[in-house]
Amino acid sequence: MAPRRPRKRAEGGASSNVFSMFDQSQIQEFKEAFTIMDQNRDGFIDKDDLRETFAALGTLTVKNEELEAMVKEAPGPINFTVFLTMFGEKLKGTDPEETILHAFKVFDTDGKGYVKADFIKEKLMTQADRFSEEEVKQMFAAFPPDMCGNLDYRNLCYVITHGEEKD
């Protein structure tokens, strides 16, 4: 009997090494998110699962092209390993927390840990990689300013780099 030749991994395919990128609690959180998004419970996330997930979150009108673009980001069918790999790849490009904090501190000359939301909105919409009005709304929906219109950028930076709010 001839020895088995190792299988070639598909270009851009998922690697089991992705599990070493995260600790056990993070993997469990990703698994819970995957399970929520896998609406039909078939072990894969597809366009229909995404549409139903958006509907469950209150967004009833998502364009078919947008859903197709999301699914096409994956190298193939989106099972849990591919899902985890995609998050790992996205997180690799994230700046370290200290870099993001430093960017906000430039605007926080008094060192209070917050900046005026209106000021940040104006900067995001007029400088560098400009945000659209919709992108700003999404950001403030996820990270609402306080009653005085201040944005707690320290917590925002923590969530961007760690994925969950500080206690």
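All values below come from the heavy atoms of this structure, side chains included, with hydrogens, waters and symmetry mates left out. Treat the numbers as computed from the prediction; the structure is a model and nothing was measured.
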**Q** Report yes if some heavy atom in the side chain of F44 is under 4.5 Å from a heavy atom in the side chain of D49; otherwise report no.
**A** no
**Q** Only one of N40, I78, D38 forms a side chain to side chain contact (heavy atoms under 4.5 Å, CB included) with D46, so which one is it?
**A** N40
**Q** Let me see the working for K105 and Y153 under side-chain contact (heavy atoms from CB on, under 4.5 Å), right down to the final yes or no.
**A** CA-CA 9 Å; K105 285 178 182 177; Y153 67 82; 3.4 Å; yes
**Q** So which atom in R41 and which in T35 form the shortest heavy-atom distance, rounded to 0.1 Å?
**A** NH1-O, 2.5 Å
**Q** Measuring only between side-chain heavy atoms, which start at C-beta, is M139 closer than 4.5 Å to L151?
**A** yes
**Q** Evaluate side-chain contact (heavy atoms from CB on, under 4.5 Å) for K116 paired with I120, printing each intermediate quantity in order.
**A** CA-CA 6 Å; K116 288 290 184 189; I120 289 299; over 6 Å; no
**Q** Identify the heavy atoms of D152 and G113 that sit nearest to each other, and give their distance.
**A** OD1-O, 3.6 Å
**Q** How many angstroms lie between atom CD of E133 and atom CE of M125, to the nearest 0.5 angstrom?
**A** 4.5 Å
**Q** What closest approach, in Å, do E135 and R130 show between heavy atoms, and which atom pair accounts for it?
**A** OE1-O, 4.0 Å
**Q** Show your reasoning for whether side-chain contact (heavy atoms from CB on, under 4.5 Å) applies to M37 and F83.
**A** CA-CA 11 Å; M37 294 176 72; F83 180 79; 3.9 Å; yes
**Q** Kindly assign one of parallel, tilted or perpendicular to the pair F30 and F87, based on the angle between their ring planes and the thresholds 30° and 60°.
**A** tilted
**Q** Ignoring hydrogens, what is the shortest heavy-atom contact between A117 and F140? Give both atom names and the distance.
**A** O-CZ, 3.5 Å
**Q** Passes salt bridge (Lys or Arg N to Asp or Glu O under 4.0 Å), K47 versus E65? Steps please.
**A** CA-CA 10 Å; K47 273 189 344 188; E65 301 82 44; over 6 Å; no
**Q** Any side-chain heavy atom of R51 within less than 4.5 Å of one from N64?
**A** yes
**Q** Working note: L67 + F54, criterion side-chain contact (heavy atoms from CB on, under 4.5 Å); need CA distance, chi angles, decisive distance, verdict.
**A** CA-CA 10 Å; L67 296 173; F54 274 107; 4.1 Å; yes
**Q** Minimum heavy-atom separation for V82 and A74, please, with both atom names.
**A** CG1-CB, 4.0 Å
**Q** Check the pair K112, D110 against salt bridge (Lys or Arg N to Asp or Glu O under 4.0 Å), reporting the backbone distance first and the verdict last.
**A** CA-CA 6 Å; K112 295 178 181 174; D110 296 333; 3.8 Å; yes
**Q** What are the two closest non-hydrogen atoms of F104 and C157, and how far apart are they?
**A** CD1-SG, 3.6 Å
**Q** Does a sphere of radius 6.0 Å around CD in Q24 hold more than 12 heavy atoms from other residues, nucleotides or ligands, not counting ones at 6.0 Å or beyond?
**A** no
**Q** Taking the six-membered ring of F80 as reference, does the cationic atom of K31 (NZ for Lys, CZ for Arg) lie under 6.0 Å from its centre and within 45° of its axis?
**A** yes
**Q** Taking salt bridge (Lys or Arg N to Asp or Glu O under 4.0 Å) as the test, write out the residues that go with D146, two or more places apart.
**A** none
**Q** So D48 and Q39, do their side chains get closer than 4.5 Å, heavy atoms only?
**A** no
